[in-house]
K.L.:
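The structure that follows is given in the form of structure tokens.
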Amino acid sequence: DLGINFIDTARAYRTETAVGKAIAGRREQVVISTKASAGRGDALLTAEELTASLEKSLARLGTNYVDVFHLHGVRPEQYDHCVNVLVPEMQRQRDLGKLRFLGVTEQFGADTAHHMLQRALSDDLFDVVMIGFNLLNPSARESVFPGTLEHDVGTLIMFAVRRALSQPDALSELVAGLVERGEIDSSGLNTENPLGFLREHADVSSIVEAAYRFCRHEPGAHVILTGTGSPEHLSENVAAIQAPPLPEKVSAELRRLFGRVNSVSGN
């Protein structure tokens, strides 16, 4: 009803069955994105396990194909295995009509500088990538988006709002660490309320709203993912995503403060 026609899920989220019930009878009205983990530690997913995971996802979703099928949370050290073993199987499943586009998502909490995605974009094997990007760590602006734009790769933006952007104490702690490491300039910074300047502008209602607007209007950002536990909260998030760009003065201050940060996820 709010105009959302892209639904992202994953086997790990345990929401595929709920999504399947929601889209029953209107599958063609939505784009479905789901995922299979590339593995944990040394236990990497095999091609056979990938296919089994895809089949289980299709059954739970109540569909015979997914629009985007991702390798989920790929770490840099898992990348070669993904390319050599899993991508060929994904391509085979695409040729069988079980999926339309190949995707990969990064493990942003452990790879805040986007090393895996930089390799993936260089190889040009994936149609869609999921990127961690927010106003506290905008490093994808320099290291990822130029590649996605060059190769015409679709982008899904995660981590637009995480703990540090919704909990003041967590934000203060994170910013203090950035100052200590010399990643941000503390001059003129209110360490107790680091993003308080956002509220000085009449058309910025909250940090959360500003965070969604920041992502939504970034060149190269296509789908801004938002999770919720209630229709009311979802409506608020959608309104923020649909709001105009942030005032240039606000954007300039965010670039000054966080433009060099690539060590945190915001979680």
K.L.:
Kindly say whether the aromatic ring centers of Phe108 and His114 come within a distance under 6.0 Å.
P.N.:
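Aromatic pair counts; centres sit under 6.0 Å.
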K.L.:
Give the cluster check for Leu121 versus Leu102: same hydrophobic cluster or not, with ILVMFWY residues linked at side-chain heavy-atom distances below 4.5 Å.
P.N.:
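Yes, same cluster.
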K.L.:
Output the distance between atom CG (Leu125) and atom CZ (Arg119), rounded to the nearest 0.5 Å.
P.N.:
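Leu125 atom CG to Arg119 atom CZ measures 10.5 Å (nearest 0.5 Å).
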K.L.:
Would you find a donor on one side and an acceptor on the other, under 3.5 Å apart, between the side chain of Arg216 and the backbone of Ile224?
P.N.:
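Checking the backbone N and O of Ile224 against the side chain of Arg216, no donor-acceptor pair under 3.5 Å is found.
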K.L.:
With a 4.0 Å cut-off, would you call Lys249 and Glu253 a salt bridge?
P.N.:
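A salt bridge is absent here (no side-chain N lies under 4.0 Å from a carboxylate O).
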K.L.:
Find out whether Leu195 and Leu165 are in side-chain contact, i.e. whether some heavy atom of one side chain is under 4.5 Å from a heavy atom of the other.
P.N.:
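A side-chain contact under 4.5 Å exists here.
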K.L.:
Does one hydrophobic cluster hold both Ile7 and Leu234, with members joined at side-chain heavy-atom distances below 4.5 Å?
P.N.:
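Not linked; separate clusters.
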K.L.:
Would a hydrophobic clustering, with Ile, Leu, Val, Met, Phe, Trp and Tyr connected at side-chain separations under 4.5 Å, put Phe126 with Val31?
P.N.:
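The answer is no; the residues belong to distinct hydrophobic clusters.
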K.L.:
Are the side chain of Arg100 and the backbone of Val66 linked by a donor-acceptor contact shorter than 3.5 Å?
P.N.:
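Not confirmed, Arg100 side chain does not pair with Val66 backbone.
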K.L.:
Looking only at heavy atoms, which two atoms of Gly220 and Thr155 are closest? And how far apart?
P.N.:
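Closest heavy-atom pair between Gly220 and Thr155: O-OG1, 2.6 Å.
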K.L.:
How long is the span from the CZ atom in Arg92 to the OG1 atom in Thr51, to the nearest 0.5 Å?
P.N.:
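Interatomic distance, Arg92 CZ to Thr51 OG1, rounded to 0.5 Å: 5.5 Å.
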K.L.:
If you group Ile, Leu, Val, Met, Phe, Trp and Tyr by side-chain heavy-atom gaps below 4.5 Å, do Val128 and Tyr79 land in one group?
P.N.:
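No: no chain of side-chain contacts under 4.5 Å links Val128 to Tyr79.
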K.L.:
Verify the cluster assignment for Val83 and Leu86: are they in a single hydrophobic cluster under the rule of side-chain heavy atoms below 4.5 Å apart?
P.N.:
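As far as the 4.5 Å side-chain criterion goes, Leu86 and Val83 are connected within one cluster.
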K.L.:
Give the minimum heavy-atom separation between Cys82 and Leu71, together with the two atoms involved.
P.N.:
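Reported closest heavy-atom pair: CB-CD1, 3.7 Å.
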K.L.:
State whether Lys35 and Asp8 are salt-bridged, where the test is any N-O pair (Lys NZ or Arg NE/NH1/NH2 against Asp/Glu carboxylate O) under 4.0 Å.
P.N.:
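Salt bridge flag = yes for Asp8 with Lys35.
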K.L.:
Can you find a heavy atom in the side chain of Asn193 that is under 4.5 Å from one in the side chain of Pro168?
P.N.:
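The answer is no, as the side chains (C-beta and beyond) never meet within the 4.5 Å cut-off.
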K.L.:
If you compare all heavy atoms of Thr9 against all heavy atoms of Thr15, which two are closest, and at what distance to 0.1 Å?
P.N.:
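Residues Thr9 and Thr15, closest heavy atoms: OG1-OG1, 2.6 Å.
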K.L.:
Does Thr105 reach the main-chain N or O of Gly73 with its side chain, forming a donor-acceptor pair under 3.5 Å?
P.N.:
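Yes, because the side chain of Thr105 sits within donor-acceptor range (under 3.5 Å) of the backbone of Gly73.
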K.L.:
Any side-chain heavy atom of Met116 sitting closer than 4.5 Å to one from Val104?
P.N.:
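Yes; the side chains approach each other to less than 4.5 Å.
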K.L.:
Would you say Asp127's side chain and Gly154's backbone share a donor-acceptor pair under 3.5 angstrom?
P.N.:
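No; judged by distance alone, with no hydrogens or angles, the pair does not exist.
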K.L.:
Evaluate the side-chain proximity of Tyr65 to Leu54: yes if any heavy-atom separation is below 4.5 Å, no if none is.
P.N.:
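No, too far: nothing below the 4.5 Å cut-off.
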K.L.:
Answer whether the closest heavy-atom distance between the side chains of Ile23 and Ile32 falls below 4.5 Å.
P.N.:
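With C-beta onward as the side chain, the pair touches.
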K.L.:
Would a 4.5 Å heavy-atom cut-off, applied to side chains only, mark Met130 and Leu225 as touching?
P.N.:
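Yes, at least one pair of side-chain atoms sits under 4.5 Å.
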K.L.:
For atom CD of Glu142, decide whether the heavy atoms of other residues, nucleotides or ligands shown that lie under 6.0 angstrom number more than 12.
P.N.:
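It does not: Glu142 CD has 12 such atoms or fewer within range.
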K.L.:
Please round to the nearest 0.5 Å and tell me the distance separating atom OH of Tyr212 and atom CD1 of Ile207.
P.N.:
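The CD1 atom of Ile207 is 13.5 Å from OH of Tyr212, to the nearest 0.5 Å.
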K.L.:
Donor-acceptor pairs under 3.5 angstrom involving side-chain atoms of residues 257-267: please list them, not counting sequence neighbours.
P.N.:
from   : atom 1 : to     : atom 2 : distance (Å)
Arg260 : NH2    : Glu183 : O      : 3.3
Ser263 : OG     : Arg181 : NH2    : 3.2
Ser263 : OG     : Glu183 : OE1    : 3.2
Ser263 : OG     : Glu183 : OE2    : 2.3
Ser265 : OG     : Asn267 : N      : 3.2
Asn267 : OD1    : Arg162 : NE     : 3.4

K.L.:
Over all heavy atoms of both residues, which pair between Ala211 and Ala160 is shortest? Give the atoms and the distance, please.
P.N.:
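Taking Ala211 first and Ala160 second, the nearest heavy atoms are CB-O, 3.7 Å.
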K.L.:
Tell me if the centroids of the rings in His222 and Phe145 come within less than 6.0 Å of each other.
P.N.:
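Between Phe145 and His222, which both carry aromatic rings, the centre distance is not below 6.0 Å.
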K.L.:
Keeping the roles fixed (side chain from Glu49, backbone from Leu45), state whether a donor-acceptor pair exists under 3.5 Å.
P.N.:
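Between the backbone of Leu45 and the side chain of Glu49 there is no qualifying donor-acceptor contact (under 3.5 Å).
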K.L.:
Between Asn190 (side chain) and Pro194 (backbone), is there a donor-acceptor pair under 3.5 Å?
P.N.:
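No, the answer is negative, given that no donor and acceptor are paired below the 3.5 Å cut-off.
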K.L.:
Is the backbone N or O of Glu209 less than 3.5 Å from a side-chain atom of Ser206, with the two atoms forming a donor-acceptor pair by type?
P.N.:
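Looks like yes, one N/O pair under 3.5 Å.
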K.L.:
Take Ser53 and Glu48 through the side-chain contact (heavy atoms from CB on, under 4.5 Å) test and state the conclusion after the steps.
P.N.:
CA-CA 9 Å; Ser53 182; Glu48 293 75 17; over 6 Å; no
K.L.:
Going from CD on Glu28 to CG on Asn5, what distance comes out if it is rounded to the nearest 0.5 angstrom?
P.N.:
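Answer for the CD-CG pair, Glu28 versus Asn5, is 12.5 Å.
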K.L.:
Does atom CD (Glu173) have a neighbourhood of more than 12 heavy atoms from anything else shown, all under 6.0 Å?
P.N.:
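For Glu173, atom CD is not crowded (no more than 12 foreign heavy atoms under 6.0 Å).
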K.L.:
Between Glu248 and Arg255, is the closest basic N to carboxylate O distance under 4.0 Å?
P.N.:
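Yes, this pair counts.
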K.L.:
Between Lys56 and Glu16, does any NZ, NE, NH1 or NH2 come within less than 4.0 Å of an OD or OE carboxylate oxygen?
P.N.:
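Not counted as a salt bridge, because no side-chain N and carboxylate O are separated by less than 4.0 Å.
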K.L.:
Might you point out which heavy atoms bring Gln118 and Ala113 nearest each other, and give the distance in Å?
P.N.:
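Closest heavy-atom pair between Gln118 and Ala113: NE2-O, 3.1 Å.
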K.L.:
Any salt bridge linking Arg163 with Asp169? Criterion: basic side-chain nitrogen under 4.0 Å from a carboxylate oxygen.
P.N.:
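No, no charged N to carboxylate O under 4.0 Å.
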K.L.:
Quick check: do Glu106 and Ile131 have side-chain heavy atoms less than 4.5 Å from each other?
P.N.:
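In short, these two side chains touch, coming nearer than 4.5 Å.
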K.L.:
Within the side chain of Ser143, is there an N or O that forms a donor-acceptor pair under 3.5 Å with the backbone of Ser139?
P.N.:
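A pair under 3.5 Å: yes.
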K.L.:
Can you confirm whether more than 12 heavy atoms, excluding those of Glu192, are under 6.0 Å from its CD atom?
P.N.:
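Open.
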K.L.:
As an exercise, state the distance from CZ of Arg60 to OG1 of Thr17, rounded to the nearest 0.5 Å.
P.N.:
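Here the rounded value is 6.0 Å.
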K.L.:
Using a 6.0 Å cut-off, check whether atom CG of Asp152 has over 12 heavy atoms from anything other than its own residue.
P.N.:
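Count not over threshold, so no.
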K.L.:
To the nearest 0.5 Å, what is the distance between CG (Leu61) and CZ (Arg11)?
P.N.:
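These two atoms lie 12.5 Å from each other.
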K.L.:
Before you tell me yes or no, could you show the steps for Phe214 and Phe133 under ring pair (Phe, Tyr, Trp, His ring centres under 6.0 Å), namely the whole-Å CA-CA distance, both residues' side-chain angles and the distance that decides it to 0.1 Å?
P.N.:
CA-CA 10 Å; Phe214 176 85; Phe133 178 73; 5.4 Å; yes
K.L.:
Tell me whether Asn84 contacts the main-chain N or O of Asp80 through its side chain, where contact means a donor paired with an acceptor under 3.5 Å.
P.N.:
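It does hold such a pair.
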K.L.:
Less than 4.5 Å apart, side chain to side chain, heavy atoms only: is that true for His217 and Leu246?
P.N.:
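No, side chains not in contact.
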K.L.:
Which pair of non-hydrogen atoms, one from Val204 and one from Ala210, has the smallest distance, and what is that distance?
P.N.:
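Nearest heavy atoms, Val204 then Ala210: CG1-CB, 3.9 Å.
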